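A quick write-up on the structure given underneath.
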Amino acid sequence: MRITDGMKYTNLLRDINRARERVQNAQEVVSSGKKVNRPSDDPAAESDILRLNSSLSQNEQFTRTASFAQGKLQATDVALDTLENLVESAVSLAQRASSDPKPNSSATDLLGIRDQVMSNANTSYEGRFIFGGSMTMQAPYTQSGTTITYNGDSQTMPVQIGTGQTVSTQIPGNEIYTGPLNVFDIMQNLATAIQNGDSQGMKDGITALQQFTDVIAVTRSKIGSYMNLVSNVQNNLSTEKLSNEADLSNKQDADMAAAITELTTSQNGLQATLATGANISQLSLLNYMR
Amino acid sequence: MSSLSATLNTAVNSMMANQLALSVASNNIANSNDPDYARQRLLMRPAGPSVWPFGIGMGVQVVGVDSIRDNLVEARYRSALSGQSDAQTMAGGLSDIESIFNDSNNTGLLKNINDFFHSFQDLSTDPASAALRTQVQVAAGSLIATMHQRAQQLSDMKAAADKAVTWNVCQINNLTTQIANLTQQIKAEELGANVNDLRDRRVALVKQLSQYVEVNELDSGNPGDYQLSTKDGHLLVMNDTASTLNVSDVTTSIGAGSLRAALDTRDNYIPKYTTALDQLAYEITQQVNAIHSTAYDKNGNTGIDFFTPLTGPNGAASQISLSADVAGDVNKIAASRASTGTDGLAAIDLGNLLTAPVFSGGTVTNQYSSLVFNIGSDSSTAQAKVSEQDALVSQVENRRQSISGVSIDEETAQISQFQRAYEASAQLMQVVDELLQVTLGMVVPQ
């Protein structure tokens, strides 16, 4: 094959260009730290990267709602603990009243406890009432005269903590305070019984309050199971996050050692091309003819 | 007859011929850097036998100057150039489009889609909150803005491709006019002499033309008998007349070249991506509205659309917008399944759309990433084709250069060869001159 001067130069330029392109690509991988910098670098990997980024942000979202649910359930549990103490002190007050009749002050004390129970039922979390079902903006219980009315509904306000997985964050007031056993009525009646020295009434009231303690216990165990569910989900979410991050890194991140080796190799290649190119172009028959 | 004067004549012929050969070599060296110049050779042949004695030759005869070019290689070269220019234009266009849909850094449209559906999940934790409702409205606003931007960018690209088509056609017409004029000159002058230079110039123009569109060349070798046509049968040059190509006549079947690539980008690729984006925008609108319109807003009203309803997927990405209700009042965002308007069940359903496989491509993420996958693999195929065509061009270009290119070494060797022959002929003249002196000396003056 004839090798002409034109060929020599175009081939040299092409080789230099190719070597520079290789350096450029290696440089991009090293500086971005990623092997996929645009969809065409690896379309299939890019699809996976999009999916993984999406599930990571979904994961973050679920983690956020889960910790919200956890916080709200905790607040509910604390409120129910307080309620339990209030009911216990009401029971012991009533028991003392039945043996040591000082009716007026005991009855007043009991009504005071009832008021505390009502304010307990109006507990709020982050500015929203937690025992009113979905009516979170208004106090669930209001009192006019001796009647206490429930203004909420029966919603449990679930939030989503996983794909297709929700958890209730609320126990509506009409399942505890004013459920089958209306704690306000029981206390009201008990106070009346104490005032009237009605020992049967006091006995019935104490029994009712003790039954109500069971209602609280059942509700608390329900809350406990919700909290368990949430913390399981939180664990799963953080495991899933780690594995997603590892997958994403696999698909997207460059192997730095390999990338830097490639950069050095490509730079050497370019250097060699330039050096030989400069040498070759000096050789000519003209140098040897006089 | 072989007289001294005949020998002298032979020497003169030889000197003239070798001098011509030197000027051809000098012309070759002068043009050695023009990639489209074909090296030339002086065609010489023995002048033929003398009548007497023994048929000794009468020296050398110059027949003409030949330009060394292989037409088959030229045709392959042009076709490779068309392919290369086609692939480069395609890859350039697609890589522009690809940069619009680059979500590699977890930014872009996919993030907006995620944020939008997450805002509903946040709303479900506290449906009464004005802040969370505003967050939904804002996230929807960003999603809409990005959709509009993507649609606009695609339509800008389409307009640019359309301009490129017009520009390509314009360039083709310019070149064919020049080629026709040149053919006319070749026809006028070739009757008298060989016009290698004009032919070289035509070759250069046809090569330039090949970058825009692949052409078939019909050159019988007779001066003025010349045809250029495209692969799909448009006649571009007939002898010395160019026929104008119209923008309305060209389709992607015209044959490889930057024109075809621009047409393909404009008529096939961009519409394909636009349709996919429109479909996505349309389905998001439909799915969100289907849930939203059956749910209750904060005031207990139902039947409210979240997005302005669209009649069909056509143009959806540029038309998607918040309904006037939701845009005007965040309390009209329907988060509730109950008419009290305060539970967050509908917000949960809306948030669920992000992971629910209710879109035609699976989940909304699947559908979007398949669009990105298509763009990415189209672009990567186009880039692979560029390397392939580059390799082909460099191979054929080497072949062409090997045949037609000027080698300085070769010319140097020839110069010294012709120089020696010239010197020898001059020497011969001197010898003949001396012989003549001797002969003349034999004549005794009277």
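Just so it is clear, the structure is predicted and the values come from calculations on it, not from any experiment. Every chain is numbered from 1, with letters handed out A, B, ... down the list of sequences.
- For a residue to count as touching a neighbouring chain, one of its non-hydrogen atoms must lie under 4.5 Å from one of that chain's; by this rule A:Q61 touches chain B with the side chain only.
- Side-chain N/O atoms of B:S119 and B:Q135 include no donor and acceptor closer than 3.5 Å.
- Both the backbone and the side chain of A:S57 come within contact range of chain B, with heavy atoms under 4.5 Å apart.
- At a 4.5 Å heavy-atom cutoff, the contact between B:D126 and chain A is made by side-chain atoms alone.
- Counting only N and O atoms by type, the side chains of B:D343 and B:Y296 include no donor and acceptor under 3.5 Å apart.
- Using cut-offs of 30° and 60° on the angle between ring planes, the pair B:F116 and B:F120 is perpendicular.
- No side-chain donor from either of A:Q138 and A:N151 sits under 3.5 Å from a side-chain acceptor of the other.
- If you measure heavy-atom distances from A:Q58 to chain B, the contacts under 4.5 Å come from both the backbone and the side chain.
- Interface residue B:V406: only backbone heavy atoms are found under 4.5 Å from chain A.
- Within the 4.5 angstrom heavy-atom criterion, atoms from both the backbone and the side chain of A:M1 approach chain B.
- Neither the backbone nor the side chain of A:S55 comes within contact range of chain B; no heavy atom of the residue lies under 4.5 Å from a heavy atom of that chain.
- For the pair A:N53 and B:D103, the tightest heavy-atom approach, listed with the atom from each and the gap, is ND2-O, 4.3 Å.
- Looking at B:L110, only its side chain comes within 4.5 Å of chain A, counting heavy atoms on both sides.
- Here the side chain of B:D66 pairs no donor or acceptor atom with the backbone of B:R41 at under 3.5 angstrom.
- Side-chain polar atoms of B:Q40 and B:N28 form no donor-acceptor pair below 3.5 angstrom.
- Interface residue B:T340: only side-chain heavy atoms are found under 4.5 Å from chain A.
- Across A:S134, A:S284, A:P158, A:A69, the residue that shares the most heavy-atom pairs under 4.5 angstrom with chain B is A:S134.
- Both the backbone and the side chain of A:M135 come within less than 4.5 Å of a heavy atom of chain B.
- At a heavy-atom separation below 4.5 angstrom, chain B is approached by A:N11, A:R14 within residues 8-32 of chain A.
- Atom CE of A:M256 is separated from atom CD1 of A:I260 by 6.0 Å, given to the nearest 0.5 angstrom.
- Side-chain contact of A:N122 with A:S119: a donor-acceptor pair under 3.5 Å is absent, judged by distance alone.
- Under 3.5 Å, the side chains of A:T65 and B:Q121 contain no donor-acceptor pair of N or O atoms.
- Looking at B:I408, both its backbone and its side chain come within 4.5 Å of chain A, counting heavy atoms on both sides.
- Heavy-atom distances place no part of A:D48 under 4.5 Å from chain B, backbone and side chain included.
- Here CG of A:L274 is found 8.0 Å from OG1 of A:T276. Values are rounded to the nearest 0.5 Å.
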Between B:D200 and B:S67, does the side chain to side chain contact (heavy atoms under 4.5 Å, CB included) criterion hold? Intermediate values first, please.
CA-CA 9 Å; B:D200 281 349; B:S67 175; 4.1 Å; yes
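- Residue B:A338 touches chain A through its side chain alone, counting heavy-atom pairs closer than 4.5 Å.
- Of the options A:Y177, A:F131, A:F129, a ring pair (Phe, Tyr, Trp, His ring centres under 6.0 Å) to A:Y141 is made by A:Y177 and by none of the others.
- If you measure heavy-atom distances from B:R39 to chain A, the contacts under 4.5 Å come from the side chain alone.
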